[in-house]
Amino acid sequence: MGAMAGPTHSLPEYADRVLTAAEVIPPGRVLTYGDIARRLGEGGPRQVGRVMALYGAAVPWWRVVRADGRLLPGHERRALERYRAEGTPLRDGTAPGDMPRLDLRRARWDGG
DNA sequence: GTGCTGACACAGG
DNA sequence: ACCTGTGCCAGCA
């Protein structure tokens, strides 16, 4: 196969799949990085995380979360606003001013 | 080639 | 509940 010219797709196919997986998560629900990696059957949580770090702004990034339910460092405020607006299940901290965490048991999406 | 880093996950203590 | 170490895989200096 000869000269295949320039970039037919700007994003690597894998990144495209990760973004699509994030895109289909319904409001009020979340998937973990590991969940997405498993759904794709390729790569791992860290690879999903890297794609989200690079291109996550284009999709509902707040619906892709860590398995421990902790909010994304540096984006807690923005994420929390979304969760409250979407009714995503949260677990409030014991102390006032304490940052809530996601209640994964209820928030995790079992779609597909 | 080697080694460090990272929007992770899990087991221990 | 917290922190630490280990496994993991890809990118980059």
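Residue numbers start from 1 in every chain, and the chains themselves are labelled A, B, ... in the order their sequence lines are given, proteins ahead of strands.
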Just the table, please: protein N/O against nucleotides 4-6 of chain B N/O, every pair under 3.5 Å.
residue: B:dG6; atom: N9; partner: A:R46; partner atom: NH2; Å: 3.3
residue: B:dG6; atom: N7; partner: A:R46; partner atom: NH2; Å: 3.4

Nearest-Å distance for atom pair CE/P, residues A:M52 and C:dG11 = 17 Å
Pick base, sugar-phosphate or nothing for A:T32, based on heavy-atom distances below 4.0 Å to the nucleic acid.
-> sugar-phosphate
Below 3.5 Å, can you tabulate the donor-acceptor pairs from side chains in residues 63-70 of chain A to any protein atom, sequence neighbours excluded?
residue: A:R63; atom: NE; partner: A:E86; partner atom: OE1; Å: 3.3
residue: A:R63; atom: NE; partner: A:E86; partner atom: OE2; Å: 3.4
residue: A:R63; atom: NH1; partner: A:I25; partner atom: O; Å: 3.0
residue: A:R63; atom: NH2; partner: A:E86; partner atom: OE2; Å: 2.8
residue: A:D68; atom: OD1; partner: A:R70; partner atom: N; Å: 3.0

Residue list, salt bridge (charged side-chain N to carboxylate O under 4.0 Å, His left out) with A:D92, at least two apart or on another chain | none
Sorted by chain and number, sequence neighbours left out, salt bridge (charged side-chain N to carboxylate O under 4.0 Å, His left out) with A:R108 holds for A:D35
Describe the nucleic acid contact of A:G34 in one word from base, sugar-phosphate, nothing, applying a heavy-atom distance below 4.0 Å.
-> sugar-phosphate
Write down the distance between CG (A:L40) and P (C:dA10), rounded to a whole number of angstrom.
-> 13 Å
Residues which pass side-chain hydrogen bond (donor to acceptor under 3.5 Å, both in side chains) with A:R46, listed by chain and number, not counting sequence neighbours | none
Quick one, which residues of residues 64-84 of chain A touch DNA chain B with a heavy atom under 4.0 Å?
-> A:R66, A:A67, A:L72
Between the main-chain N or O of A:G74 and the side-chain N or O of A:E76, is there a donor-acceptor pair closer than 3.5 Å?
-> yes
In whole angstroms, the gap separating P of C:dC9 from CD of A:E42 amounts to 12 Å
